[in-house]
Every structure is written in structure tokens, then in C-alpha cells.
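Have a look at the structure below before the remarks.
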Amino acid sequence: MLIEDNEVYRSSLELLLSMQADIEVVGAVATAAEALVLVGAVSPDVALLDFRLPDLDGAAAAAALRKEHPDVAVVCLTAEASPEECDAVLAAGAVAMIEKGVSVDDLAGAVRAAAELRG
């Protein structure tokens, strides 16, 4: 599941990840509030979460997702986050923090690794 407020980037991620034979994008939303509703409906293995959303930052969004749906692995995407912000996201329950500029192969690898951690 994708949680990204930039519609163009979200659509691009959805297309690129959907091209991976072993990854199915089950939903895509723009806010943490929408994510909390959708995650309950689609039960994703992994939530790919933008660090800067209009309603919550990455740490708060990761904590809310993990509290409501502890079986979902959260991978946070960021264009820029301080070391303290990265630490806060990981402390909130995210399994990884990934730079938005990584290759599709690296991003897909992070999603796969998160899914494996989920069990």
C-alpha cells in the first residue's frame, strides 16, 4: 500500500512497483487519515509511507499505523529527513527509512525485506 501526497510520484510508484512480478499494490492514498481507513480494508503486508504528509509527519503516521495495525510493516520514504527524524520514525515502528531517489530495484528490495520481516 502506498501513502504519498504527491499524486504524480504516487502514480509513478504504483506503476513501477506493480511491474514487479512479486509485488501487488493494493491501494494508494494521499494522507495518513486515508491510510488508516484503507489499511483496515485491504490488509497490506507493507505500507510504503511518505515522511512528509499533509496531516501527520512520518513518525506520527508510522506510530498510528502500527498501533491500529501492528501486523503491517511500515517502510518510510523521504526526500530529506534529519538523523533525529529518521530515528523517530524507526522508534515509532517503521522497519526502514528509504531515500526517495533510490532505484526501483532498491525500493522493491526494501518492500520485499519488510514483507519478510512481517512473517
Side-chain angles (χ1 to χ4, degrees):
M1 184 175 110
L2 304 174
I3 309 151
E4 166 64 53
D5 63 318
N6 181 305
E7 185 178 347
V8 173
Y9 189 69
R10 183 176 64 243
S11 296
S12 298
L13 280 177
E14 188 169 7
L15 174 67
L16 292 170
L17 289 172
S18 293
M19 294 172 69
Q20 303 290 313
D22 58 342
I23 295 177
E24 177 186 3
V25 178
V26 295
V29 295
T31 67
E34 292 171 316
L36 289 169
V37 172
L38 185 62
V39 73
V42 299
S43 300
D45 294 326
V46 178
L48 197 54
L49 169 70
D50 182 18
F51 179 75
R52 302 213 189 273
L53 293 170
D55 55 346
L56 291 177
D57 71 16
L65 281 167
R66 296 288 298 148
K67 180 181 178 190
E68 296 293 321
H69 306 280
D71 56 331
V72 176
V74 176
V75 174
C76 198
L77 284 169
T78 184
E80 56 179 33
S82 71
E84 294 80 17
E85 290 170 322
C86 291
D87 290 345
V89 168
L90 296 173
V95 298
M97 191 84 165
I98 305 293
E99 293 279 334
K100 282 190 173 180
V102 301
S103 71
V104 174
D105 289 339
D106 288 345
L107 185 57
V111 169
R112 289 181 190 105
E116 287 180 20
L117 287 174
R118 184 180 176 270

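Positions are given from 1, in the same order as the sequence printed here.
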Euclidean distance, Leu13 CG relative to Leu2 CG, rounded to 0.5 Å
5.5 Å
Return the set of residues passing side-chain contact (heavy atoms from CB on, under 4.5 Å) with Val39 (not counting sequence neighbours), or none when no residue passes.
Met1, Pro44, Leu65, His69, Val72
Please find the pair of heavy atoms, one from Asp5 and one from Pro54, that lie closest to each other, and give the distance.
CB-CD, 3.6 Å
Heavy-atom closest pair (Ala32 atom, Leu56 atom, distance to 0.1 Å) is CB-CD1, 3.7 Å
Answer yes if Leu117 and Leu48 sit in the same cluster of Ile, Leu, Val, Met, Phe, Trp and Tyr residues linked by side chain heavy atoms under 4.5 Å apart, and no otherwise.
yes
In the single-linkage hydrophobic clustering (I, L, V, M, F, W, Y; side-chain heavy atoms under 4.5 Å), do Leu38 and Leu36 co-cluster?
yes
Quick test of your reading: applying side chain to side chain donor-acceptor pair (under 3.5 Å), list the pairs with at least one residue in residues 6-18, sequence neighbours left out, ordered by first then second residue.
none
For a quick test of reading the model, state the closest non-hydrogen atom pair linking Leu90 to Ala94 and the distance between them.
CD2-O, 3.5 Å
So, for Asp55 and Ala33, which heavy atoms are closest and what is the spacing to 0.1 Å?
OD2-N, 2.9 Å
Does Leu77 share a hydrophobic cluster with Val104, counting links as ILVMFWY side-chain heavy atoms below 4.5 Å and allowing steps through other members?
no
How would you list all residue pairs meeting salt bridge (Lys or Arg N to Asp or Glu O under 4.0 Å) that involve residues 17-34, not counting sequence neighbours?
Asp22-Arg112
Taking C-beta and beyond as the side chain, do Leu107 and Leu16 meet within less than 4.5 Å on heavy atoms?
no
Shortest non-hydrogen contact between Ala115 and Asp45, atoms and distance
CB-CB, 4.5 Å
Walk me through whether Thr31 and Leu53 qualify under side chain to side chain contact (heavy atoms under 4.5 Å, CB included).
CA-CA 6 Å; Thr31 67; Leu53 293 170; 5.8 Å; no
Applying side-chain contact (heavy atoms from CB on, under 4.5 Å), name anything that partners Pro83, two or more places apart in sequence or on another chain.
none
Minimal heavy-atom distance between Ala92 and Ala59, with the atoms involved, is CB-O, 3.3 Å
Linking I/L/V/M/F/W/Y whenever their side-chain heavy atoms sit closer than 4.5 Å, directly or via other members, would Val46 and Leu15 fall into one cluster?
no
Please enumerate all residues that pass side-chain contact (heavy atoms from CB on, under 4.5 Å) together with Ala91, with sequence neighbours excluded.
none
Pair listing, salt bridge (Lys or Arg N to Asp or Glu O under 4.0 Å) test, anchored in residues 81-102, at least two apart
Glu4-Lys100, Asp50-Lys100, Arg52-Glu85
Which other residues end up in the same hydrophobic cluster as Met97, if Ile, Leu, Val, Met, Phe, Trp and Tyr are linked when side-chain heavy atoms come under 4.5 Å apart?
Phe51, Val89
Assess the residue pair Val95 and Val75 against the criterion (side chain to side chain contact (heavy atoms under 4.5 Å, CB included)); give the C-alpha distance rounded to whole Å, side-chain angles, the decisive distance to 0.1 Å, and a yes or no.
CA-CA 6 Å; Val95 298; Val75 174; 4.0 Å; yes
What's the spacing between Leu49 CG and Asp57 CG if we round to 0.5 Å?
9.5 Å
